[in-house]
Amino acid sequence: WGVGVFLQEGVLRDTKKYIMNSTKQKVNRQMKVRNEFMRKGVRDNLGFVVATVGLILLISFFVTETVRCESNPSGQEIDNYYAEKESVMLGEAKKYLAEEGFGNSGVMLTKVMEQDGTREYTLTVHHRKIDELTNAEREQLAQALSTFDFIDEKCTFRHKFLITE
């Protein structure tokens, strides 16, 4: 009976070692496979991550450039903007003067542009009938002409009449 127990214990011990070793081997194999999968996954995903970050940076660059370009017009665009406003103002003033009996008036719009971008406009009108108006009537006419001034915080307007007495 003693020998049987001893043999049984030896077999149990050997079986236990075998199970432990095979379990360790399985775990080690699983860990190797997992680690290899993770490394391979990271390598495969690294390209995706880099491409995604690159696209995000590219999109943000284009968005900021679009906003910057829209908020900061070029010198030519600014000149075109003011040229259009000046043309409309001059046309409306001439039309109004013709309707009020001052047809074929000499109408001149001059501007002075300062370094800081401000502009000063002077609308000068010459007509023989204006010479005959009183100062109060000229003031009323200047007031009526001021309604055609375009609104811009960087612009100031004056209205003058060229009087040849």
Side-chain angles (χ1 to χ4, degrees), residues 26-165:
K26 282 182 184 178
V27 168
N28 285 340
R29 263 187 270 132
Q30 287 175 349
M31 289 300 287
K32 280 182 184 178
V33 168
R34 184 177 155 266
N35 288 340
E36 185 178 323
F37 176 76
M38 290 300 287
R39 269 182 282 162
K40 188 176 180 184
V42 167
R43 264 185 272 143
D44 290 347
N45 288 336
L46 185 63
F48 175 75
V49 169
V50 168
T52 302
V53 169
L55 282 173
I56 289 171
L57 290 174
L58 190 64
I59 289 169
S60 64
F61 171 76
F62 284 124
V63 167
T64 55
E65 283 299 307
T66 301
V67 169
R68 188 181 66 81
C69 288
E70 288 178 358
S71 66
N72 190 12
S74 70
Q76 184 64 38
E77 290 172 337
I78 291 171
D79 290 344
N80 290 344
Y81 166 78
Y82 283 114
E84 177 67 26
K85 294 287 188 182
E86 293 160 7
S87 176
V88 168
M89 178 184 159
L90 200 55
E92 288 177 349
K94 285 181 179 181
K95 182 180 173 186
Y96 174 78
L97 287 168
E99 290 172 356
E100 292 297 312
F102 302 104
N104 295 325
S105 293
V107 181
M108 181 173 58
L109 181 65
T110 57
K111 67 182 169 191
V112 176
M113 297 188 307
E114 298 295 333
Q115 202 65 357
D116 63 356
T118 59
R119 295 167 182 246
E120 182 180 317
Y121 290 95
T122 303
L123 182 69
T124 306
V125 180
H126 173 66
H127 193 276
R128 180 180 33 167
K129 287 184 181 179
I130 294 176
D131 293 349
E132 300 167 3
L133 296 177
T134 65
N135 283 339
E137 292 171 324
R138 288 183 194 143
E139 185 62 36
Q140 283 179 334
L141 184 58
Q143 198 69 10
L145 289 171
S146 70
T147 61
F148 303 114
D149 299 346
F150 55 91
I151 299 172
D152 192 302
E153 63 185 29
K154 292 186 173 189
C155 299
T156 57
F157 298 90
R158 291 182 19 210
H159 300 88
K160 288 180 17 179
F161 299 107
L162 190 57
I163 308 297
T164 57
E165 294 181 43

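For this chain, numbers begin at 1 and follow the sequence in order.
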Quick one: closest heavy-atom pair of Glu86 and Leu109, and the distance? CB-CD2, 3.8 Å

Has His127 got a side-chain atom pairing as donor or acceptor with Gly103's backbone, closer than 3.5 angstrom? yes

Do Val112 and Thr118 come close enough that some side-chain heavy atom pair is under 4.5 Å? no

Validation row: Lys26, Arg29 side chains within 4.5 angstrom (heavy atoms): yes

Using a 4.5 Å cut-off on heavy atoms from C-beta on, say whether the side chain of Leu141 contacts that of Tyr96. yes

Taking Glu137 for the side chain and Thr134 for the main chain, is one N or O donor matched with an acceptor at less than 3.5 Å? yes

Before giving the answer on salt bridge (Lys or Arg N to Asp or Glu O under 4.0 Å), spell out for Asp79 and Lys111 the whole-Å C-alpha distance, their side-chain angles and the decisive distance to 0.1 Å. CA-CA 12 Å; Asp79 290 344; Lys111 67 182 169 191; over 6 Å; no

What distance do Lys85 atom NZ and Leu90 atom CG have between them, rounded to the nearest 0.5 Å? 15.0 Å

Working to the nearest 0.5 angstrom, can you tell me the gap between Leu58 CG and Ile56 CD1? 11.0 Å

Working to the nearest 0.5 angstrom, can you tell me the gap between Tyr82 OH and Met113 CE? 10.0 Å

Short side-chain to backbone donor-acceptor contact, Ser87 and Glu84, under 3.5 Å: no

I'd like a table of donor-acceptor pairs (distance under 3.5 Å, sequence neighbours excluded) in which one partner is a side-chain atom from residues 155-162, with atom names and distances.
residue, atom, partner, partner atom, Å
Arg158, NH1, Glu120, OE2, 3.3
His159, NE2, Asp149, OD1, 3.1

Residue pair Thr164, Arg128: steps toward the side-chain contact (heavy atoms from CB on, under 4.5 Å) verdict: CA-CA 8 Å; Thr164 57; Arg128 180 180 33 167; over 6 Å; no

I'd like to know whether CD of Gln143 has more than 12 heavy-atom contacts from other residues, nucleotides or ligands below 6.0 angstrom. no

Spacing of Met89 atom CE and Thr147 atom OG1 [to the nearest 0.5 Å]: 9.5 Å

Audit row: Gln76, Asn80, side-chain hydrogen bond (donor to acceptor under 3.5 Å, both in side chains) steps and yes/no: CA-CA 6 Å; Gln76 184 64 38; Asn80 290 344; 3.0 Å; yes

Looking only at heavy atoms, the pair that brings Asp152 and Lys154 closest together is OD1-N, 2.9 Å

Do Tyr121 and Thr110 come within less than 4.5 Å of each other through their side chains, counting heavy atoms only? no

Flag side-chain contact, heavy atom, 4.5 Å: Arg138 against Ile163: yes

Under a 4.5 Å cut-off applied to non-hydrogen side-chain atoms, are Leu133 and Phe102 in contact? yes

